[in-house]
Amino acid sequence: MEQPIRHNTPSMQKANQPGIYTTIIVGVLIAMVGTYLRFAFDSFMLSLVSWIILFVGAVVSIAGVFKILKA
């Protein structure tokens, strides 16, 4: 007989913490700003800064996803 799926396990509660999803949303917003800056103006320095901002946003978002996977 199959075991029923339990949705109240400690790992599920940890994975569903609002702080983790806030981290992902902040990372996505930072990446969106970096993407906008890439296409807004045309200068070498702004393009370099926008790539850095985009990379930071991606790292923050991925860190939030790994927090969920670690739970």
Side-chain angles (χ1 to χ4, degrees):
M1 181 172 218
E2 288 185 30
Q3 294 287 333
I5 297 175
R6 293 180 50 210
H7 296 288
N8 233 359
T9 62
S11 64
M12 279 290 229
Q13 290 175 353
K14 185 176 177 185
N16 286 329
Q17 291 176 349
I20 294 174
Y21 294 101
T22 304
T23 303
I24 294 172
I25 290 171
V26 167
V28 168
L29 291 176
I30 292 171
M32 287 174 61
V33 168
T35 303
Y36 172 76
L37 289 176
R38 288 231 336 101
F39 297 105
F41 305 104
D42 191 23
S43 76
F44 174 74
M45 201 59 169
L46 187 62
S47 180
L48 182 65
V49 170
S50 67
W51 272 109
I52 292 169
I53 292 171
L54 182 61
F55 181 74
V56 168
V59 168
V60 170
S61 296
I62 290 171
V65 170
F66 281 136
K67 283 182 185 177
I68 292 174
L69 291 175
K70 190 173 75 170

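Since the model is a prediction, treat every value here as computed from it, not as a measurement.
- For the atom pair OG1 (Thr35) and CH2 (Trp51), the distance works out to 8.5 Å, reported to the nearest 0.5 Å.
- Heavy-atom minimum distance, Ser50 versus Gly34: CB-O, 3.5 Å.
- How far OG of Ser43 is from CG of Leu48: 9.5 Å, rounded to the nearest 0.5 Å.
- Shortest non-hydrogen contact noted between Ala31 and Ala58 is CB-N, 4.4 Å.
- Note: the hydrophobic cluster containing Leu29 does not contain Ile53 (ILVMFWY, side chain heavy atoms under 4.5 Å, direct or indirect links).
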*Please test Ile30 against Val26 for side-chain contact (heavy atoms from CB on, under 4.5 Å), starting from the C-alpha separation and ending with a verdict.*
CA-CA 6 Å; Ile30 292 171; Val26 167; 3.9 Å; yes
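- Around atom CZ of Phe55, no more than 12 heavy atoms belonging to other residues, nucleotides or ligands sit under 6.0 Å away.
- In the hydrophobic clustering of this structure, Ile62 groups with Tyr21; members are Ile, Leu, Val, Met, Phe, Trp, Tyr whose side-chain heavy atoms approach within less than 4.5 Å, directly or through other members.
- Here CD1 of Ile20 is found 12.5 Å from CD1 of Ile25. Values are rounded to the nearest 0.5 Å.
- Closest of all the heavy-atom pairs between Ile24 and Ser61 is O-OG, 3.5 Å.
- If you take CD on Gln17 and OG1 on Thr22, they are separated by 10.5 Å, rounding to the nearest 0.5 Å.
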_Run the side-chain contact (heavy atoms from CB on, under 4.5 Å) test on Val60 and Val28 for me, step by step, so that the C-alpha distance in whole Å, both residues' side-chain angles and the decisive distance to 0.1 Å come before the verdict._
CA-CA 8 Å; Val60 170; Val28 168; over 6 Å; no
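- The backbone N or O of Arg38 sits nowhere less than 3.5 Å from a side-chain atom of Ser47 that would complete a donor-acceptor pair.
- Cluster membership check: Leu37 does not share its hydrophobic cluster with Met32, using side-chain heavy-atom separations under 4.5 Å among Ile, Leu, Val, Met, Phe, Trp and Tyr.
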